[in-house]
Amino acid sequence: MHTAKVALGERGTPWWDQPESERRARWTEGLAALDATTSEEPAEESAGEG
């Protein structure tokens with residue numbers, strides 16, 4: 001959650017205080033970090049529970 005908030009400008013330097021190029025870099029880096037933390041395969045559900 002923290003990574004997403006930083007990328008959106010809710011944490012750290014406010015987005016409105018950054019030039020557009022820095023905002024775009026922040027978003028790009030944030031998305032790359034979030035993509036790296038997710039797996040491409042969904043988590044397997046346990047069969048037979050219920």
Side-chain angles (χ1 to χ4, degrees):
M1 181 64 88
H2 178 74
T3 301
K5 288 186 177 273
V6 169
L8 292 171
E10 294 179 16
R11 300 282 189 273
T13 304
W15 64 267
W16 56 87
D17 287 341
Q18 292 182 307
E20 184 178 346
S21 61
E22 288 181 21
R23 289 194 310 265
R24 287 187 180 278
R26 182 181 195 154
W27 300 332
T28 302
E29 291 166 9
L31 285 173
L34 289 171
D35 283 343
T37 62
T38 59
S39 64
E40 292 182 13
E41 297 179 26
E44 292 184 26
E45 295 181 22
S46 299
E49 288 187 24

Let me have the donor-acceptor pairs involving side chains of residues 2-9, under 3.5 Å, with sequence neighbours excluded, atom names and distances please.
unit_1, atom_1, unit_2, atom_2, d
Lys5, NZ, Glu10, OE1, 3.1

Acceptor/donor pairs from residues 11-18 side chains to any protein atom, 3.5 angstrom cut, sequence neighbours excluded:
unit_1, atom_1, unit_2, atom_2, d
Gln18, OE1, Arg26, NH1, 2.9

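- From Arg23, atom CZ reaches atom OG1 of Thr28 across 12.5 Å, with rounding to the nearest 0.5 Å.
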